[in-house]
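Naming convention: chains lettered A, B, ... in sequence-line order (proteins, then strands); numbering from 1 in each chain. Below, each value reflects all heavy atoms present in this structure, side chains not excepted, and no hydrogens, waters or symmetry copies.
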Amino acid sequence: MNATKVVSKRAFDVMIRALGEASELVAPVSRGYDRFSFAEVEDASALQCEGYIPTINPPKKYFLPAEEVLVEFSAPDGATLGSGSEFRADAVVDSPTRVLLGVRTCDIRAIAMSDRAYADTYEDDNYFAKRERATIVGLSCLEPCDDHAFCAAMGAENAEEGYDLLLTDWGDSWMVSVGTERGDEMLAACDGVGEPTAEDREQWASLQSDRRAAFAPVAEKISVEKERLPDLVDEGEGSSLWTEYGDLCLGCGRCNMVCPTCFCFDVEDEVSLDRTSGERKRRWDGCTLLEFALVAGDENFRSERKDRLRHKLYHKTRSTFDRYEEIFCTGCARCFRTCLVDIYHPDMYNALEERLGGDSS
Amino acid sequence: MSTAREMRESIYLPERAQIVEKKRMTDDETWYHLRFESGRALGHDPGQFVEVSLLGVGEAPISVTSPPSMTDGFELCIRHVGNVTDRLRDLEEGDWLGIRGPFGRGFDIEPARGKDVLFVAGGLGLVPLRSLIKTVLENREDFRRVILFYGTRSPDTLLYEEELAEWEADPDVEFHLTVDMTDDTWKHNVGVVTSLFPRVSLDPEETVAYVCGPDIMFRFVVQQTSRLGISDENTFLSLERRMKCGVGKCGHCQEGSVYVCREGPCFSYAEVKAF
Ligand SMILES: Cc1cc2nc3c(=O)[nH]c(=O)nc-3n(C[C@H](O)[C@H](O)[C@H](O)COP(=O)(O)OP(=O)(O)OC[C@H]3O[C@@H](n4cnc5c(N)ncnc54)[C@H](O)[C@@H]3O)c2cc1C
Ligand code: SF4
């Protein structure tokens, strides 16, 4: 375990408020109806946001905004864009300094996953300019946030890394795990940082065993080990399950948008009416949307919803496992909460396993 | 306060390049010689591509058709089929466009050293292959036989006619040409590109094939190469998928577990089968 300290919540607030002078502070904020979203806050009191379920949109919006300018361009006097005239083009890289407060361990894991994808072979400057200037203050879940999350089945109810600080509620204090040097510096700026006492340690041990007990049923939501999922999706390629779920699925893309590990985008140029200046933008895109898989000559490899749904699960399991030895799903269940027809990944995995088992027996 | 908007390098920023020379090749295809404003060489491998930008219109992935040995700029050959590529038709010598790249993985040439090389190009597939063909011919002594099959729809859609004539005249190149349809003046083969296979006898164990053309052509060509006994590992293809970013992020070109733009666009047939 990472170095653990005890800090009074009041002292922690003071430190965070001071950070807020030079950085943007963001934390989950209640939107009513049991919905939360990350938004700018004044101090760390928002961290008290007890029992918040995963925010509508994951924190990826801070590193990969729903819409982002990549390039600004213009034509010289008297010329228009697209005509072959000389032009000016500048990369636009927004890089705010931010402190993300109250990031759940599932989202911490997701950020680590998108870091890998966005660094793979070519480093994405727009992503990392924001990512590198972000401080992540995580918040441990003491119990499952709702009945839908399947984080423990994906091993995301804990995080060993990927945060600067990870907080656990400790009454008037926080029990703080330090993940990075940056986290060390933050604590150094706090008054009254203490070592856990023998009593704290005992309580910590019992808290951990309570947590394990609370999360054990969550781990059961998927009937197979997560390491089996890539093979399961592979072996189930021709299963009738995809047709059944494909008939249900609306191909609306909502699940892609809210997914913390979906990072596909579309690129488009927008120009001023007089065609003398413009911006190249990227926007979130989703593999469940029809236009996504168009190929040369307007052919579409995944023109049916069942194929796109399967592609989504394949990509989250087989593809990412082959490439990163990791399954790009944290079990946050945002996809389920947003889905208009209640498609739930664990149901699909369980049904696939059952049918495959049935086939071979 | 906290927001800084930096102007800096980015993988998404196109670099300015100027059209040094332009030649119409067919009704629908134009050849361009480009040079970066900075004067830098592109530094590509045969089979790699660049993203061509007309800012305000969009971007299109285009294969580099010149060999790496060409350092005074580079060449592209573009078919005008839509938004970006149609407008490129109107650009003139001296005009500017934006380039990102080179991107992707080119053709693996190593397995062909010391062996017979078979090139099979269909239509626009000659564009990426030309870079490799020229590279092989520049290093002719490293290879044994060089066999080239090229097929297009009709005689007026032939690309690089001058070079085709050179290759035909070259005693070191076994050159075979075919068109799908023609008139009486045509002295070469008539039929799809696979109809050229019976014209040569190949030593399959010692042959490495590079195939480039529309997807439908691949299917028929690899049937032939497989039947002849050229191994899947020694058969190389270049895949064309819709792509946006060119750097393995945007997700559009995913095929199984690979991003065609990043792990490809050139693959061995063994790799393609495993997708
Ligand atoms: C790796 C790679 C190398 C290529 N090399 C060349 C080349 O050397 N020369 C050449 O002329 N073309 C090449 N292409 C195809 C070229 O990228 C497309 O023709 C171009 O993107 C079309 O853009 P557009 O804006 O003009 O057309 P759009 O208006 O976007 O579309 C017009 C038509 O082109 C198809 N299309 C759109 N985008 C693509 C795409 N990325 N790939 C294939 N078809 C597409 C559409 O389905 C539609 O039928 C290559 C494509 C790839 C992926
Ligand atoms: S949110 Fe539901 S209906 Fe919409 S694409 Fe995803 S699975 Fe299909």
When you look at CD of B:E110, are more than 12 heavy atoms from neighbouring residues, nucleotides or ligands closer to it than 6.0 Å? yes
Side chain, backbone, both or neither: which part of B:Y259 has a non-hydrogen atom closer than 4.5 Å to chain A? side chain
From A:F73 CZ over to B:L13 CG, what is the distance, rounded to the nearest 0.5 angstrom? 11.5 Å
Give, for atom CD1 of B:I11 and atom CD of A:E123, the distance between the pair rounded to the nearest 0.5 Å. 8.5 Å
So, the part of A:Y118 with a heavy atom under 4.5 Å from chain B: the answer is both
Can you give me the closest heavy-atom contact between B:L54 and A:R280, atom names plus distance? O-NH2, 4.2 Å
Do B:V57 and A:R275 have side chains that approach each other closer than 4.5 Å (heavy atoms only, starting at C-beta)? yes
What verdict does the side chain to side chain contact (heavy atoms under 4.5 Å, CB included) test give for A:E72 and B:L55, after you've listed the backbone C-alpha separation in whole Å, the side-chain angles of each residue and the deciding distance to 0.1 Å? CA-CA 9 Å; A:E72 267 175 5; B:L55 286 149; over 6 Å; no
Could you tell me if the side chain of B:Q254 sits less than 4.5 Å from the side chain of A:H311, heavy atoms only? yes
Measure the spacing between SG of A:C287 and NE2 of B:H252 and express it to the nearest 0.5 Å. 10.0 Å
Given a strict heavy-atom distance threshold of 4.5 Å, which part of A:Y314 is in contact with chain B: side chain, backbone, both, or neither? side chain
So which of B:L91, B:V247, B:V258 has the largest heavy-atom pair count under 4.5 angstrom toward chain A? B:V247
Can you see whether B:R87 engages A:S83 through a side-chain donor-acceptor pair at a distance of less than 3.5 angstrom? no
Region of B:E59 in contact with chain A, defined by heavy-atom distances below 4.5 Å: both
Is it true that a side-chain atom of A:D269 and a backbone atom of B:G58 form a donor plus acceptor pair closer than 3.5 Å? yes
Does the side chain of B:E263 come within less than 4.5 Å of A:R323's, by heavy atoms? yes
A:A117 portion near chain B, given a 4.5 angstrom heavy-atom threshold: backbone
Less than 4.5 Å apart, side chain to side chain, heavy atoms only: is that true for A:V71 and B:P14? yes
Separation between OG of B:S10 and CZ of A:F128, rounded to the nearest 0.5 Å: 13.0 Å
Would you say CZ of A:R88 has more than 12 non-hydrogen atoms from neighbouring residues, nucleotides or ligands within 6.0 angstrom? no
CZ of B:R16 to CZ of A:F87: how many Å apart, nearest 0.5 Å? 6.0 Å
Turns out that what part of A:E270 lies under 4.5 Å from chain B's heavy atoms comes down to neither
What part of B:E92 is in contact with chain A, defined as an atom under 4.5 angstrom from a non-hydrogen atom: side chain, backbone, both or neither? neither
Treating A:D322 as the side-chain partner and B:S257 as the backbone partner, does any N or O pair qualify as donor plus acceptor under 3.5 Å? no
Quick check for you: among A:D266, A:D120, A:L70, which has the greatest number of heavy-atom pairs under 4.5 Å with chain B? A:D120
Return yes when atom CD of B:E93 has more than 12 non-hydrogen atoms of other residues, nucleotides or ligands closer than 6.0 Å, and no otherwise. yes
Is B:K249 close to A:F263 at the side-chain level, that is, under 4.5 Å between some pair of heavy atoms? no
For B:F220, does the CZ atom sit with more than 12 other heavy atoms under 6.0 Å from it, leaving out its own atoms? no
Proximal component of B:R262, with respect to chain A [non-hydrogen, under 4.5 Å]: side chain
So for A:A79, is it side chain, backbone, both, or neither that comes closer than 4.5 Å to the heavy atoms of chain B? neither
Taking atom types as modelled, is there a side-chain donor on A:D124 or B:Y12 under 3.5 Å from an acceptor on the other? yes
How about CD on A:E67, more than 12 heavy atoms from neighbouring residues, nucleotides or ligands closer than 6.0 Å, or not? yes
Should we say atom CZ of B:R153 is surrounded by more than 12 heavy atoms from elsewhere, each under 6.0 Å from it? no
